[in-house]
Protein chains: 2
Amino acid sequence: MRPGLNNHPGDQAIAAPPGESSVAQALKQFERFLAERALRLTAARRAIIEAVLERAGHFPIEELIADLRRRGIRGSKATVYRTLPLLTEAGILQEAVVTGETRSYEAAIGREHHDHLVCLGCGKVVEFEFEAFEILQREIAARHGFRLEGHHHQLVGRCADCQRREVAPAGPPVNAEHPNRVGSGR
Amino acid sequence: MRPGLNNHPGDQAIAAPPGESSVAQALKQFERFLAERALRLTAARRAIIEAVLERAGHFPIEELIADLRRRGIRGSKATVYRTLPLLTEAGILQEAVVTGETRSYEAAIGREHHDHLVCLGCGKVVEFEFEAFEILQREIAARHGFRLEGHHHQLVGRCADCQRREVAPAGPPVNAEHPNRVGSGR
DNA sequence: TGATTGTTGAGACCTGGTCTCATCTAGAGG
DNA sequence: CCTCTAGATGAGACCAGGTCTCAACAATCA
Ligand SMILES: [Mn+2]
Ligand SMILES: [Mn+2]
Ligand SMILES: [Zn+2]
Ligand SMILES: [Zn+2]
């Protein structure tokens with residue numbers, strides 16, 4: 001169920017688990033970002049950053065809110081929804097898996113950019129990173145006179161496990177069409 | 001305000017407007033598709049196909065429903081929402097510009113596959129088609145043991161016009177951040 | 001023609017996300 | 001420290017796509 005997969009060198013690879021220091025760094029980065037536009041670093045925002053970085057992997061906003069509640073912090077829905085875009089602009093978060101239903105995010109702070117491959121059967125998410133895509137995208141944008149500011153790129157398919165399961169033990173075919181939706185089958 | 005733009009050769013370029021024949025072809029194709037799964041070709045479905053093919057370019061579902069109403073056909077929301085995925089599976093429609101807010105569709109029947117480049121400023125949509133992407137995507141899916149079933153690929157940025165408008169006549173910078181959302185600024 | 005089974009449509013319902021507004025507070029200045 | 005003000009918060013109303021329900025309906029076929 002955990003997406004995982006982090007194939008890039010350097011970084012948090014060896015000793016320190018991503019805890020403390022990463023929060024501190026993010027906080028500093030965010031503070032700078034906020035200062036630049038005369039915004040304020042509040043308790044709520046601090047709490048949200050902590051909660052966010054504590055979650056490894058992709059998470060839906062709803063879960064983040066639950067986390068905050070659990071911690072005793074009363075982060076209101078509105079505040080969270082207002083803060084996440086700020087964190088994104090500040091480069092601390094990035095949107096992930098934006099197909100349909102719910103937005104989800106993931107930490108961006110020490111990571112390379114990447115996109116996602118999602119299994120329609122079980123919701124598994126694999127990350128991929130391919131410089132060629134990035135280059136070609138810039139090329140295309142330029143060709144049309146656009147200044148490229150971002151992209152959504154997501155592949156959907158069936159993972160190996162789900163393919164195997166498909167030609168299953170001959171049991172009744174359950175519900176062949178409509179297996180489940182991308183959102184990791186809620 | 002209308003996204004528009006359809007730069008691909010052939011098709012509706014010279015003589016025949018995409019009317020009649022295209023509808024007939026789609027109808028036949030859909031009939032075959034339905035037969036295969038013991039579904040029925042009903043009046044509502046016929047009407048929806050016509051309305052759909054009448055719209056050139058990308059359209060949000062809401063507008064399609066309005067079209068139907070206007071024609072006197074009372075296509076219910078539920079029916080339309082149920083039919084569009086069928087038409088998509090049948091290859092008559094394809095999803096388009098699936099970022100955030102609302103789904104939109106476009107005719108797929110005589111067209112090559114393509115993806116989209118969207119202007120964050122004015123909502124303009126440009127289509128692009130690049131075989132290299134398709135190949136690399138298959139490559140990546142394979143590398144992870146996935147059977148690829150589709151993808152969403154959308155570039156976002158600022159079109160030339162909007163960039164020009166940016167360094168505008170020195171008037172007050174309006175509302176620099178939050179220009180508008182992708183959805184063609186509602 | 002009748003039986004069977006898929007289809008329709010009005011509207012209730014669901015839910016992620018946004019807005020409102022009274023209240024609070026970060027933080028610059030004194 | 002104290003004050004002042006513009007930004008921030010949060011409870012909850014609100015909004016809007018989209019889905020579900022269910023009784024009435026109709027395509028197909030024996
Ligand atoms: Mn990721
Ligand atoms: Mn298109
Ligand atoms: Zn799977
Ligand atoms: Zn533009």
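Numbered from 1 within each chain, the chains take letters A, B, ... in sequence-line order. Just the heavy atoms: all of them, side chains too, but no hydrogens, waters or symmetry mates, feed the values below.
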Just the rounded figure in Å: distance from P of C/dG16 to CG of A/Leu64. 14 Å
Can a salt bridge be assigned to the pair B/Arg32 and B/Glu36 using a cut-off of 4.0 Å between side-chain N and carboxylate O?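 No, no charged N to carboxylate O under 4.0 Å.
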Please confirm whether the shortest side-chain N or O distance from A/Arg103 to OP1 or OP2 of C/dT18 is below 4.0 Å. yes
Which is more 5' along DNA chain C, the nucleotide nearest B/Ala78 or the one nearest B/Leu34? Just name the residue. B/Leu34
Would you mind reading off the distance between A/Glu62 atom CD and C/dG16 atom P, rounded to a whole angstrom? 5 Å
In whole angstroms, how far is the C1' atom of D/dG17 from the CD1 atom of B/Ile65? 10 Å
OP1 or OP2 of D/dA27 under 4.0 Å from side-chain N/O of B/Arg45: no
Can you identify which nucleotide, out of C/dG17, C/dA26, C/dG9, has its nearest atom closest to the A/Thr42 side chain?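 The closest nucleotide is C/dA26.
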To the nearest Å, how far apart are A/Leu39 CG and C/dA28 C1'?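 The distance from CG of A/Leu39 to C1' of C/dA28 comes to 15 Å, rounded to the nearest Å.
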State whether the side chain of B/Arg158 and the backbone N or O of A/Glu149 hold a donor-acceptor pair below 3.5 Å, judged by distance alone.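 Checking the backbone N and O of A/Glu149 against the side chain of B/Arg158, no donor-acceptor pair under 3.5 Å is found.
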Name the closest nucleotide to the B/Arg40 side chain, picking from D/dG18, C/dG17, D/dA27.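 Taking heavy atoms from C-beta onward, the closest nucleotide is D/dA27.
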Using only modelled atom types and a 3.5 angstrom limit, is any donor from either the side chain of A/Arg82 or the base of D/dG10 paired with an acceptor on the other? yes
Once you round to the nearest 0.5 Å, how far does CG of B/Leu87 lie from CD of B/Gln29?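 The distance works out to 10.0 Å.
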Parallel, tilted or perpendicular: which describes the rings of B/His153 and B/His151, with under 30° parallel and over 60° perpendicular?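 Perpendicular: the ring planes of B/His153 and B/His151 meet at over 60°.
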Assign each of B/Ser76 and A/Lys77 to its nearest nucleotide of DNA chain C by heavy atoms, then name whichever residue's nucleotide is nearer the 5' end. B/Ser76
Phosphate OP1/OP2 of C/dT18 contacted by A/Tyr81 side-chain N/O (<4.0 Å): no
Just how far, in rounded Å, is C1' of C/dT5 from CZ of B/Arg37? 17 Å
Between atom CZ in A/Phe30 and atom P in C/dA26, what is the gap in whole Å?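 Rounding to the nearest Å, CZ of A/Phe30 and P of C/dA26 are 15 Å apart.
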Atom-to-atom span, CG of B/Leu87 to P of C/dT7 - whole angstrom: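 In whole Å, C/dT7 P and B/Leu87 CG are 13 Å from each other.
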Whether B/Glu134 and B/Arg138 form a salt bridge (side-chain N of Lys/Arg under 4.0 Å from carboxylate O of Asp/Glu) is what I want to check. no
Atom CD of B/Glu95 and atom C1' of D/dG17: how far apart are they, to the nearest Å? 14 Å
